[in-house]
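Below is one structure, written out as structure tokens; the observations come after it.
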Amino acid sequence: MIWNPKAECMSSEEREEMQLKRLKKVVKKAYENVPYYKELFDSAGITPQDIQTLKDIEKIPFTTKTEMRKTYPFGLFAVPEDEIVEIHSTSGTTGKPTVSGYTEKDLDIWGEIVARALSMAGATKKDRIQNSYGYGLFTGGLGIHHGAKKLGATLIPISAGNTKRQLEIMKDFESTILTCTPSYAAYLAEALEKQGLSGDDISLKAGIFGAEMWTEELRTNIEKSLKISATNIYGLTEIMGPGVAHECQEKNGLHLQEDHFYPEIINPQTGETLEDGEKGELVLTTLTREGMPIIRFRTKDITTLRRGECACGRTTVRMDRITGRSDDMMKIRGVIVFPSQIEKALLSIDGILPQYQIIATRPKTMDELEIKVEVSESLFSDEIKHIENMQKNIAKAVHDTIGLRVNVSIVQPGTIPRSEGKAVRVIDKRDFS
Ligand code: ZN
């Protein structure tokens, strides 16, 4: 079902006209109400009047996470504080957190875009949504919450963690939709199997997974084990939260909600704007947000935008699944490596569980890459010869993908720490000082 056909299926002319109108408005509002944006425009020698076409957005300098941190906590709010009704924040694991403020209308828009996402995943008001994203300052839990309410579905706000209880509720309440990180979905499937149960013993029909990078291989794995249709949700706290883009049942790119967010793809090295179909860093501008308008935010997420009507009938631009973040990018012996490439290689091999860790070290002068991976119980208890063969196969698959020799350790199922939120896939022990 298409939640909002008017917004999701409009012609490109109609959409561009709407975007331009909204862009002019948001730029003026940010310039007049947020000192950070006034300074940014002044430093570039431009005023809101210089934005007369959508292309003119390129005149505006980018906003980065580092710049946003300088305004911590509330420096980017564009309305008086009494109009802000909810605040979220990033975890701040890599520095000061970035804060996001919402007015009542912003929350309504957030609910709207998540309702569109839930509909794309196949949810209707008849569904029971088990929301296993963490509730709190993290946008995952409450973002899905606002959308499920808008959709009119039955929401089960269980939040993250307590796997035993998750499975108990899933069975007893007959949850039909699961929302959490893909790594946690894989873990829930594993825990279900440990109880001697399978996807046939639960009522789930679909899963909405995001907040971390994942691959088609992991999707296949989760879909098989939980017997569901798994779709990919994208969002970020700085811009709004989950729901900025989501996959329809075609599973061929994520529909980006262009009436509320204006996307661009840039060359991350030069900042130059790239054409549709070219791969680069996603830059987003909020078009309707009141509490905290954000202009040209560099997401650091690497993707490609694709235009043209989708078989589902929606006309919104589609972005490819995120294949890397400039943050997660590792340089190993001079070669750029993304964890997603390694996941792809690993899960292409039968018997490998979606639980792995990538450990980078530099014992002397050369980088070493170790991959710890779990295999199924039956494989693990197999003869040592088979394990050695498996190690070789994994090393070869990874070598074929990234072009680097790696050390593979096969570990007992259950030994790699599970995460109830975002999984820790990469441990970089190299000393860069
Ligand atoms: Zn579609």
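One-based numbering, in listed order, for ligands and for the atoms of each.
Residue pairs meeting the ring pair (Phe, Tyr, Trp, His ring centres under 6.0 Å) criterion with at least one member in residues 248-288, sequence neighbours excluded, do not occur. Identified under the salt bridge (Lys or Arg N to Asp or Glu O under 4.0 Å) test for residues 231-255, with sequence neighbours left out: K65-E238, R219-E247, E223-K251.
Ring orientation note: the planes of W110 and Y102 are close to parallel, at an angle under 30° on the 30°/60° scale.
A salt bridge links R116 with E112: the distance from a Lys NZ or Arg NE/NH1/NH2 to an Asp or Glu carboxylate oxygen falls below 4.0 Å.
Scanning for ring pair (Phe, Tyr, Trp, His ring centres under 6.0 Å) contacts around F41 gives Y31, with sequence neighbours left out.
Applying the side-chain contact (heavy atoms from CB on, under 4.5 Å) test between V244 and each of T299, I239, L282, T286 identifies I239 as the sole match.
The number of protein N, O or S atoms lying under 2.8 Å from the Zn ion (ligand 1) is 4.
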